[in-house]
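This report refers to the structure that appears directly beneath it.
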Amino acid sequence: MTYRPFPGRHEDTVALVTGSTHGIGLGIARRLAREGAAVVINDQGAHDGAAVAAALRDAGADATYVEADACDPDAVERLVAEAVAEYGRIDTLVNNVATWRHQPLDETELNDWSFVVDGAVRGHW
């Protein structure tokens, strides 16, 4: 099945997408932008989120980037505050953030596993 953008579906909405500088999150952010949403791009700073937001703006979207670690409650509070300061509200929240360690399982220690679980569970909470 092929999914095509539905122009205007998200017109006049504001979407915050965590973990949206690459991968699935970036795809979600692009789709929301193509369908009319203003999009808040987010990640913890490991990727160039400002460039992602600029590329969306170059394509005609309204987008901004806020760096924040979704596993840190204080950073999340700042993320939401900055999004609301920029757009006045958040209509759509996509909790897409995830973390991982690129290493074999037999080399993974407890602190590495805790990092992965925090990103996959705590970040969504």
Side-chain angles (χ1 to χ4, degrees):
M1 177 180 286
T2 301
Y3 294 97
R4 287 177 261 146
F6 187 110
R9 179 188 338 219
H10 295 284
E11 196 70 36
D12 298 321
T13 66
V14 178
L16 167 58
V17 184
T18 64
S20 54
T21 57
H22 62 286
I24 293 169
L26 176 56
I28 292 167
R30 285 177 175 158
R31 178 66 175 260
L32 288 164
R34 279 195 310 261
E35 293 184 355
V39 181
V40 179
I41 301 299
N42 161 258
D43 89 345
Q44 65 180 358
H47 298 90
D48 192 351
V52 171
L56 289 174
R57 287 191 302 273
D58 289 347
D62 188 355
T64 191
Y65 170 65
V66 179
E67 181 180 317
D69 182 348
C71 295
D72 176 349
D74 293 332
V76 171
E77 190 171 320
R78 182 181 51 76
L79 166 62
V80 170
E82 288 187 32
V84 171
E86 178 73 21
Y87 295 108
R89 67 188 196 281
I90 298 170
D91 301 302
T92 302
L93 173 61
V94 180
N95 285 321
N96 172 73
V97 71
T99 55
W100 64 90
R101 297 280 195 217
H102 295 282
Q103 62 198 41
L105 183 60
D106 63 344
E107 295 175 17
T108 302
E109 297 185 12
L110 183 57
N111 63 337
D112 298 316
W113 183 245
S114 294
F115 173 78
V116 171
V117 171
D118 275 354
V121 178
R122 184 178 177 171
H124 289 264
W125 170 76

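All values below come from the heavy atoms of this structure, side chains included, with hydrogens, waters and symmetry mates left out. Starting from 1, each residue takes its place in the sequence as its number.
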Where do N96 and T18 come nearest, in terms of heavy atoms and distance?
->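 Looking at all heavy atoms of both residues, the closest pair is N-OG1, 2.9 Å.
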
A63: partners by side-chain contact (heavy atoms from CB on, under 4.5 Å), with sequence neighbours left out =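 With sequence neighbours excluded, A63 shows a side-chain contact (heavy atoms from CB on, under 4.5 Å) to A53, L56, R57, given in chain and number order.
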
Can you list the residues that meet the side-chain contact (heavy atoms from CB on, under 4.5 Å) rule with I90, with sequence neighbours excluded?
->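 For I90 the side-chain contact (heavy atoms from CB on, under 4.5 Å) partners, ignoring immediate neighbours, are L16, V80, A83, V84.
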
Hey, any chance [X] and [Y] share a hydrophobic cluster, counting ILVMFWY side chains that come within less than 4.5 Å of each other, even indirectly?
| X | Y | value |
| --- | --- | --- |
| I41 | V94 | yes |
| L26 | L32 | yes |
| V40 | V17 | no |

Just by distance, with hydrogens left out, do Y65 and D43 show a side-chain donor and acceptor under 3.5 Å apart?
->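 Yes, side-chain donor-acceptor contact under 3.5 Å.
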
Return all side-chain donor-acceptor pairs below 3.5 angstrom for residues 5-14, not counting sequence neighbours, or 'none' if the list is empty.
unit_1 : atom_1 : unit_2 : atom_2 : d
R9     : NE     : E35    : OE1    : 3.0
R9     : NH2    : E35    : OE2    : 3.3
H10    : NE2    : E35    : OE1    : 3.4
T13    : OG1    : H10    : O      : 2.6

Partner set under salt bridge (charged side-chain N to carboxylate O under 4.0 Å, His left out) for [X], not counting sequence neighbours:
| X | result |
| --- | --- |
| D91 | R89 |
| E67 | none |
| R30 | none |

Hey, what do you get for OG1 (T64) to OH (Y87), rounding to the nearest 0.5 Å?
->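 Answer rounded to 0.5 Å: 5.0 Å.
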
Non-hydrogen side-chain atoms of D72 and Q44 separated by less than 4.5 Å =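 Of all side-chain heavy-atom pairs linking Q44 with D72, none is under 4.5 Å.
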
Can you find a pair of side-chain heavy atoms, one from R78 and one from E82, that are under 4.5 Å apart?
->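 Yes - at least one pair of side-chain heavy atoms lies under 4.5 Å apart.
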
In this structure, are over 12 heavy atoms from other groups packed under 6.0 Å from I24 atom CD1?
->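 No, not enclosed.
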
